[in-house]
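Chain identifiers are assigned alphabetically (A, B, ...) following the order of the sequence lines, protein sequences preceding nucleic acid strands; residue numbering begins at 1 within each chain.
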Amino acid sequence: LIASGPADPAQHLEFLTDLLSRITRDKSPDAHVLVLSTLAHAKLLFGDLEGSKTDIDAAWKILDNVDAVENSVNGAYYRVAADYYKVCVTENFCGTSHHVELSRQKPNMRRITGTRCFTLRALTWRRIYHRTNVSYVHMIWHFQPSWLRRSIILANWYVAQLTVSPELRLSLRRFDVVDWCCVANAPHLGLVGRHSS
Amino acid sequence: VYRLWHQLTQKVDEFFDHALAKPYRVDVYSRFVRDFEERLNPLRLAEMGIKISQDIDSAHSLLLPLIVH
């Protein structure tokens, strides 16, 4: 899937960077902050933590000097700032080697692409479990549609209660629900229960 | 004149929000909206651009095929 996908994070970031250069700070500070926050969020999701932080700081500097902005602009800023700190806290809490993993690959784009491949590979739970690199899992979790998240939490609860019959357990496994349970069991997600295999 | 640009923005926005327009959004933006974007309200332009960016290899689109496999 990684090899066949035409997707390239660089293009997404390039589009937003280009848009940012056309909507300058002098022209419209609030529109600039909105694009800057979105760019920071994209960088965060693609694993470029340092780049994200730089943009968040720049956005705050502008917001601090502007009297009133639309709620959507404030919202975009606080969303990315909150997600950034969530990822940082998760990382520290789980003691993962996120920065070490990233700093091994020098050029910025290769770093982002590498992280993306890693994120995709991490979708198989065994690797997540063994690598214990759950900071990515946190992000993947938020990509799931809400119905899937609800069913995962529900299935997780059932597994925790050990009330799942062998047949049901099998069918859950078939739909990858039990696999996601393992994700849901990541301690930083704050979900109760333990995964029993 | 300003009012007409505003109306055009609204119409384009309406088009972008249409479900069937999704495959054409990036093209319409880069070949049509880019020509007169200087005249649009910067905030509306930013919102439009962000909407379009979701069609260009966003993190969500990268992971979606894996979820629905």
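Interface remark: A:Leu34 contributes backbone and side-chain atoms alike to the contact with chain B (heavy atom separation under 4.5 Å). Only the side chain of A:Val73 comes within less than 4.5 Å of a heavy atom in chain B; its backbone stays farther off.
Looking at B:Arg44 and A:Glu70, a side-chain N of the basic residue comes within less than 4.0 Å of a carboxylate O on the acidic one, giving a salt bridge.
The number of heavy-atom neighbours closer than 6.0 Å to CZ of B:Phe15, taken from other residues, nucleotides and ligands shown, is above 12. Summarising the local packing, NZ of B:Lys51 is surrounded by more than 12 heavy atoms from other residues, nucleotides or ligands at distances under 6.0 Å. In this structure, B:Asp35 places its CG atom where more than 12 heavy-atom neighbours from other residues, nucleotides or ligands lie under 6.0 Å away.
Proximity of B:Val26 to A:Phe15: side-chain heavy atoms (C-beta onward) are nowhere separated by under 4.5 Å.
Taking each heavy atom of A:Ser28 and B:Pro42 in turn, the nearest pair found is CB-CB, 3.4 Å.
The CG atom of A:Leu19 lies 6.0 Å from the CG atom of B:Leu45; values are rounded to the nearest 0.5 Å. A distance of 7.0 Å separates CD1 in A:Ile23 from CD in B:Glu37, rounded to the nearest 0.5 Å. Taking CZ of A:Arg22 as the reference point, atom CD of B:Glu38 lies at 8.5 Å (rounded to 0.5 Å). To the nearest 0.5 Å, atom OG of residue B:Ser53 and atom CG of residue A:Leu13 are 9.5 Å apart. Going from atom CD1 of B:Ile56 over to atom CD of A:Gln11 covers 7.5 Å, rounded to the nearest 0.5 Å. In this structure, CG in A:Leu16 is found 11.5 Å from CD1 in B:Ile52, a value given to the nearest 0.5 Å.
Counting heavy-atom pairs closer than 4.5 Å to chain B, the top-ranked of the candidates A:Asp30, A:Leu20, A:Leu39, A:Val33 is A:Asp30.
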